[in-house]
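Keep in mind that the numbers below use all heavy atoms, side chains included, and drop hydrogens, waters and symmetry copies.
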Amino acid sequence: MSGSARVGIVVRTKNRPWFLRRALTDIAAQRYRSWNVCIVNDGGDRRTVEDIVSDLSAELRPFVNVLHNSESAGRSAAANQGIRALDTEFVVLHDDDDLWHPEFLEKTVEWITRHPDEVGVVTRTEIVFEKPTPDGGFVGVEREVFWADLDEIRFTDVLEVNRWVPISYLYRRELHDRIGYYDEHVHAAEDWDFGLRTLVRHRVGFLDGSPLAYWMQRRGIEGDMGNSMFALAHDHERFDRQIRDAALRDYAAAHGSGLPLYIAGLVKEESGLLLERLRRIVREEVSKALDARPSDLERVRRRLFRRYRERTLRK
């Protein structure tokens, strides 16, 4: 691999040859050429990955390296393996099922070079929903902009929920020397955890304009061909709670439990008040609905009156 490349691209994959071929084709289409690729085959078939790499052109093959895990090490460990194997100024995770605009690397490298005070840059991103094709591949059928109102990367926003995905984020490799690597105990939402740790002390830029990154999603697809947004939905929720709990415990260890206890009390009190308001609204709405309908007794009275009137008219 070339030691002069500025960008290191980590591709995590496992038993998804169709996606891996597409990802390598996508990387090869970049207008910016100063890159190396490290494929981390995390427990997938070794021969299949080697065959895909051997099919690359002679021009590209020297810039692609492969690491094989006999058993899956997990998403975070696989990312860290790839990063440690690269000796580049910048790093980006290009998972095997996601895609870039051909100008992604060109524009992100240009941005981060012009903004030395920022440790990374996030691009406008588009979600592309895919469906299977008869040949075993996938094709995009629907698109929507991810966080369309995003105009800046703010710590306060990311505290609520992640505002970027790995395919859209190029950052300085030295960031790992400052804050560490991806948490290998976190097997989903590891990018959110890494982003939170980054934003505590560092700025991340935002490159607005047309989307340069494409986050590919496949509703209802399970198994190896699924994507983490759906296939790991339960894990995302679990690790979300785990990350928040760990951060709160770190804060309490450093500053005491006073503030967390006070906030928890306020949340409990406000939750109780909100629940009581909801109950009152429900009672009021039910009362209105009942008042708008005739009572059972009134319906019986009307029915008897109609029968009496019909009999009277017949006479």
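- For Arg154, the salt bridge (charged side-chain N to carboxylate O under 4.0 Å, His left out) partners two or more places apart in sequence, or in a different chain, are Asp151, Glu152, Asp157.
- Distance alone, capped at 3.5 Å, is enough to place a donor-acceptor pair between the Thr133 side chain and the Gly137 backbone.
- Cluster annotation: Leu199 is not connected to Leu248 through the hydrophobic network of ILVMFWY side chains, with a link wherever side-chain heavy atoms come within less than 4.5 Å.
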Does the salt bridge (charged side-chain N to carboxylate O under 4.0 Å, His left out) test come out yes or no for Glu106 and Arg33, once each step is laid out?
-> CA-CA 8 Å; Glu106 181 180 64; Arg33 307 302 297 176; over 6 Å; no

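- Listed for the Arg163 side chain is a donor-acceptor partner under 3.5 Å among the backbone atoms of Val161.
- The ring-ring contact (aromatic ring centres under 6.0 Å, His included) search around Tyr171 returns Tyr169, His176, Phe194, not counting sequence neighbours.
- With sequence neighbours excluded, the residues satisfying side-chain contact (heavy atoms from CB on, under 4.5 Å) with Glu270 are Leu273.
- Once rounded to the nearest 0.5 Å, the distance linking OG of Ser76 with CZ of Phe239 reads 8.0 Å.
- A 4.5 Å side-chain heavy-atom check between Thr125 and Trp164 finds every atom pair outside the cut-off.
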Checking side-chain hydrogen bond (donor to acceptor under 3.5 Å, both in side chains) for the pair Gln81/Asn69: CA distance, chi angles, key distance, verdict?
-> CA-CA 10 Å; Gln81 277 183 274; Asn69 294 333; 2.7 Å; yes

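- Heavy-atom minimum distance, Val186 versus Ala189: CG1-C, 4.1 Å.
- Side-chain atoms of Ser72 and Asp42 form a donor-acceptor pair, as typed in the model, at a separation below 3.5 Å.
- To the nearest 0.5 Å, atom CD1 of residue Ile27 and atom NE2 of residue His94 are 4.5 Å apart.
- Residues Arg6 and Tyr32 meet the side-chain proximity criterion, which asks for heavy atoms closer than 4.5 Å.
- In Glu144, the CD atom is crowded: over 12 heavy atoms of neighbouring residues, nucleotides or ligands sit closer than 6.0 Å.
- Leu207 has its side chain within reach of Val121: a pair of non-hydrogen atoms, C-beta onward, lies under 4.5 Å apart.
- Put simply, Val145 and Trp147 are part of two different groups of oily side chains (I, L, V, M, F, W, Y) that touch within less than 4.5 Å, one to the next.
- You'll find the side chain of Leu212 stays beyond 4.5 Å of the side chain of Ser168, heavy atoms only.
- Phe90 and Thr88 make their closest contact through O-OG1, 2.8 Å (heavy atoms, listed as atom of the first residue, atom of the second, distance).
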Please step through side-chain hydrogen bond (donor to acceptor under 3.5 Å, both in side chains) for the pair Asn36 and Asn65, ending with a clear verdict.
-> CA-CA 8 Å; Asn36 284 329; Asn65 184 37; over 6 Å; no

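- At a threshold of 4.0 Å, the pair Asp55-Arg21 counts as salt-bridged, since one of the basic side-chain nitrogens sits closer than that to a carboxylate oxygen.
- Test Gln242, Arg241, Arg249 against Asp245 for side chain to side chain donor-acceptor pair (under 3.5 Å) and you get one pass: Arg249.
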With side-chain contact (heavy atoms from CB on, under 4.5 Å) as the test, would you mind laying out the steps for Val92 and Ile167 before giving the verdict?
-> CA-CA 7 Å; Val92 59; Ile167 191 65; 5.9 Å; no

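- In this structure, Tyr182 OH and Glu190 CD are separated by 7.5 Å, a value rounded to the nearest 0.5 Å.
- The residues Arg244 and Glu237 are annotated as not salt-bridged, no charged nitrogen and carboxylate oxygen being separated by less than 4.0 angstrom.
- With sequence neighbours excluded, no residue forms a side-chain contact (heavy atoms from CB on, under 4.5 Å) with Arg201.
- Within the 4.5 Å cutoff, the side chain of His101 has no heavy atoms near those of the Arg124 side chain.
- Arg218 forms a cation-pi arrangement with Phe138, by the criterion of a distance under 6.0 Å to the ring centre and an angle within 45° of the ring axis.
- Residues Ile179 and Thr198 meet the side-chain proximity criterion, which asks for heavy atoms closer than 4.5 Å.
- Shortest non-hydrogen contact noted between Gly205 and Ile153 is O-CG1, 3.8 Å.
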Walk me through it: do Leu99 and Arg22 pass the test side-chain contact (heavy atoms from CB on, under 4.5 Å)?
-> CA-CA 8 Å; Leu99 296 172; Arg22 185 176 73 170; 3.9 Å; yes

Output, in order, the C-alpha distance, side-chain angles, deciding distance and verdict of side-chain contact (heavy atoms from CB on, under 4.5 Å) for His202 and Arg178.
-> CA-CA 10 Å; His202 304 290; Arg178 303 182 193 180; 3.1 Å; yes

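- Salt-bridge formation is not detected for the pair Asp96/Arg12: no Lys NZ or Arg NE/NH1/NH2 atom is positioned less than 4.0 Å from an Asp or Glu carboxylate oxygen.
- Side chains of Asp191 and Asn162: a donor on one and an acceptor on the other come within 3.5 Å.
- In this structure, Val53 and Arg61 approach most closely via the heavy-atom pair O-CG, 3.7 Å.
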Please assess Phe19 against Met216 for the test side-chain contact (heavy atoms from CB on, under 4.5 Å), listing each intermediate value before the final yes or no.
-> CA-CA 11 Å; Phe19 284 134; Met216 316 302 281; over 6 Å; no

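- The CG atom of Asn15 sits 7.0 Å away from the CG atom of Asn41 when rounded to the nearest 0.5 Å.
- Salt-bridge annotation for Arg75 and Glu184: absent, with no side-chain N of the basic residue lying under 4.0 Å from a carboxylate O of the acidic one.
- The side-chain tip of Arg84 points at the ring of Tyr181 from less than 6.0 angstrom away and within 45° of straight on.
- The distance from the CD1 atom of Ile39 to the CG atom of Leu24 is 4.5 Å, given to the nearest 0.5 Å.
- If you take CG on Asp98 and CG on Asp26, they are separated by 9.5 Å, rounding to the nearest 0.5 Å.
- For Tyr214 and Trp100, the distance between ring centers is not under 6.0 angstrom.
- Within a 6.0 Å radius of NE2 in His68, other residues, nucleotides and ligands contribute more than 12 heavy atoms.
- The hydrophobic cluster containing Leu275, built from Ile/Leu/Val/Met/Phe/Trp/Tyr side-chain heavy atoms closer than 4.5 Å, comprises no other residue.
- Using a 4.5 Å heavy-atom threshold, the side chains of Asp97 and Arg16 count as touching.
- Heavy atoms only, all atoms of each residue included: Ala213 and Thr123 are closest at CB-OG1, 3.7 Å.
- Residues Ile112 and Thr108 fail the side-chain proximity criterion, which asks for heavy atoms closer than 4.5 Å.
- Applying the under-4.5 Å side-chain rule to Ile, Leu, Val, Met, Phe, Trp and Tyr, the cluster around Val139 extends to Val141.
- The minimum heavy-atom distance between Ala5 and Ser34, with the atom names listed, is CA-OG, 3.3 Å.
- Relative ring orientation between Tyr251 and His255 is described as tilted, the plane-to-plane angle lying within the 30° to 60° band.
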